[in-house]
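Please read the structure below before turning to the comments.
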Amino acid sequence: PGGDVANLPPAERVAAAEALTAAVADVHAAGVTHNDIKPDNCLRAASGEFKLADLGLGVRLKTHERGEEKDAMYSMTTFAGYGVNVQLQGRPPEVLMNQNLTAAVDVWSLGNLMYAAFTGAASPFRDEENAAAKNGGGKHGKHSSTLPLSSGKKAPPEAAGIAGLYENQRIIRGTFSLRALETSKLPRHVVAAARVVLSDMLQPNPEDRPSAEEVLQHPVFWTPEKAVEKIREANDEKLIPLKDRSGAALTPAEELRLVADVFGGDGEKNGVSGNGARKKSASSRDASRNDSRANSKSARLESVAARLQNWKELVIPELLERVTKYNIKKQYAAGADQLRMAKEEAAAATRVAAAAEAEESGAPRRKGRKRGSLSLRAAAARGDWDGTGYEPTLRDLFRFVRNVHEHPGLQAERFAMIRALGAAGAHLPKFPEGEDRWGAARRVVEAYVVHVFPELPLLAQALLTKEGREAAQKVGGARLR
């Protein structure tokens, strides 16, 4: 408490947040809610480990004792019955509104705590006031702000009271700002994942928040090595597959529909039944809320995918030149007869595609590579191929990451990747102790991938879920390819 968290090394801040999240998950697994998660109750041992302390407000859930899976509920009267007066300032919205409580109160408080660990800011609900303080005042007067944790100063009591009221109002409305993440000096993939997971954890509706265990498994805590491992797993399982019947690759628009379908809830999953009008009405409300939540997640994931589809524009020229040389070598190794066959294939594919599209739209099709052609030579013969052998699609982005990681570049390419990392590459050791040159080159590739494509681990995580695999099988059939 009172320490300048923002000046800790990025790795220590992430480690602190992960250790505290693991502690909350363990408490919940034991059937207990903490109810007082805040910086003052977080300790650091002499060994450097972070600990969660003070279970004085802890509540043991009765449903856990009976072995029931459903969320147990309690309320603020639980504490009043024991004569405990709980300070309400900065508490979760359901506490402020005196609603029934579940373990989700800890997830909300943990989100607040993680934001403080990542950025050093007191709360995402106070950011506007902190910015006003740094500028010498704000719309509520020069004493309206809550001072940063590390300042050691306290605002006047009347100012603190007004600031607390405004903070509680924003908490109830779910109005928060995560902009301090942009200047936190954390790795780019951690910042990208933190925006998502903190937004989910700080939702005013407890049902919209993830569990502590789900937060612990989130890409926000993935190292570059684990992130690339998950990206490769999604590629190896062909979770952006070819079409089942035709074997054609998905168009960019079809890829986005596949991604959106990962969180696309339907009526069958919402459990609407016909056992009475009251139950039907309640189920309909739940279904509507679930659909709204699913649509929000789908839109967010689809937005991420759309940005990643133009991935070749972000890759350094040295890597693109390397894969181009490799594919040109493959072309000439094929021989004259196969090149002639490729030209014939290209011409036939172009005619068929143009005729089909003209029939559908009445407009002639622009000459271009037929989607799903398995021959790179065919594309080269038509003259619409950039030589890399990769298209600006999600499927080829996953394939590109897998190939570059499996076959790390030469020394000049590694130096180019480190230059692209900028300050983020300063901590990379040339050759870690006990690791060979090939392994060291892989570490460079991993850091480069998550730096250039910081949102790719989020997409890989979504595709590797049960829903992601089901969405892939709808397109590619039972045997994905």
Side-chain angles (χ1 to χ4, degrees), residues 1-26 37 39 42-52 110-122 124 148-150 178-198 201 212 214-231 405 414 417-435 439-458 460-461:
D4 199 349
V5 180
N7 287 335
L8 285 176
E12 289 189 28
R13 283 183 273 156
V14 175
E18 184 175 14
L20 295 170
T21 302
V24 175
D26 288 344
I37 297 174
C42 300
L43 308 177
R44 192 175 191 183
S47 61
E49 294 179 299
F50 292 89
K51 306 287 186 178
L52 183 63
L110 177 63
N112 240 346
L113 181 63
M114 285 174 57
Y115 183 76
F118 287 156
T119 66
L149 287 175
S150 59
L178 304 177
R179 65 174 179 268
L181 288 170
E182 308 306 322
T183 56
S184 61
K185 301 179 183 178
L186 294 171
R188 292 187 69 196
H189 74 286
V190 174
V191 172
R195 288 194 213 103
V196 173
V197 72
L198 293 180
M201 296 171 75
E214 288 171 337
V215 174
L216 187 60
Q217 303 304 323
H218 198 270
V220 71
F221 298 128
W222 289 0
T223 62
E225 181 179 3
K226 183 173 181 178
V228 172
E229 176 188 331
K230 293 295 184 179
I231 293 168
H405 187 247
R414 293 201 298 272
M417 284 187 279
I418 292 174
R419 284 196 301 271
L421 285 169
H427 68 283
L428 283 174
K430 290 184 178 179
F431 301 106
E433 185 178 353
E435 188 170 34
R442 275 193 159 188
R443 302 290 87 79
V444 174
V445 171
E446 290 159 1
Y448 174 77
V449 166
V450 297
H451 181 77
V452 177
F453 308 113
E455 295 167 318
L456 191 55
L458 290 168
Q461 183 211 29

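The figures here come from the full heavy-atom set of this structure, side chains too, leaving out hydrogens, waters and symmetry mates. Here the structure is a predicted model, which is why all the values come from computation and not from measurement. Numbering of residues begins at 1 and proceeds along the displayed sequence.
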Run the side chain to side chain contact (heavy atoms under 4.5 Å, CB included) check on Val191 and Phe118 step by step: do they pass? CA-CA 9 Å; Val191 172; Phe118 287 156; over 6 Å; no

Would you sort out whether His405 and Glu229 count as a side chain to side chain contact (heavy atoms under 4.5 Å, CB included), showing the intermediate values? CA-CA 10 Å; His405 187 247; Glu229 176 188 331; over 6 Å; no

Is there a side chain to side chain contact (heavy atoms under 4.5 Å, CB included) between Leu52 and Val24 once you walk through the steps? CA-CA 8 Å; Leu52 183 63; Val24 175; 3.8 Å; yes

Would you check, one step at a time, whether the test side chain to side chain contact (heavy atoms under 4.5 Å, CB included) holds for Leu198 with Leu181? CA-CA 11 Å; Leu198 293 180; Leu181 288 170; 4.2 Å; yes

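One finds a salt bridge joining Arg443 and Glu446 here, because a Lys/Arg side-chain nitrogen approaches an Asp/Glu carboxylate oxygen to under 4.0 Å. Here Glu12 pairs with Arg44 in a salt bridge; the nearest charged N to carboxylate O distance falls below 4.0 Å.
Taking Gln217 as the reference, Glu213 meet the side chain to side chain donor-acceptor pair (under 3.5 Å) condition, with sequence neighbours excluded. Contacts of Arg419 classified as side chain to side chain donor-acceptor pair (under 3.5 Å), with partners at least two apart in sequence or in another chain: none.
Summarising the geometry of Phe221 relative to Leu216, their closest heavy-atom pair is CD1-O, 3.7 Å, with the distance given to 0.1 Å. Heavy atoms only, all atoms of each residue included: Leu113 and Leu20 are closest at CD2-CD1, 3.7 Å. Nearest heavy atom pair, residue Pro457 against residue Trp222, reads O-CZ3, 3.7 Å. Across Ala116 and Ala122, no two heavy atoms sit closer than the pair CB-O, 4.4 Å. Annotation for Ala180 and Tyr115: closest pair CB-OH, 3.1 Å, computed over non-hydrogen atoms. Taking all atoms of both residues into account, the shortest heavy-atom contact from Leu458 to Ala192 is CD1-O, 3.9 Å.
Judged by distance alone, the side chain of Arg13 and the main-chain N or O of Leu8 form a donor-acceptor pair under 3.5 Å.
Rounding to the nearest 0.5 Å gives a distance of 5.5 Å between CG of Leu421 and NE2 of His451. The OG1 atom of Thr119 lies 11.0 Å from the CZ atom of Arg179; values are rounded to the nearest 0.5 Å. Here the CE-NE2 distance, from Met114 to His218, works out to 8.5 Å after rounding to the nearest 0.5 Å.
Put simply, the side chain of Val445 does not reach to within 4.5 Å of the side chain of Val228, judged on heavy atoms. Counting only heavy atoms from C-beta outward, the side chains of Ile231 and Phe453 never approach each other to under 4.5 Å. Side-chain contact check for Val450 versus Leu456: every heavy-atom pair is 4.5 Å or farther apart.
Under the side-chain hydrogen bond (donor to acceptor under 3.5 Å, both in side chains) criterion, the residue pairs touching residues 188-197 are Glu182-Arg195, with sequence neighbours excluded.
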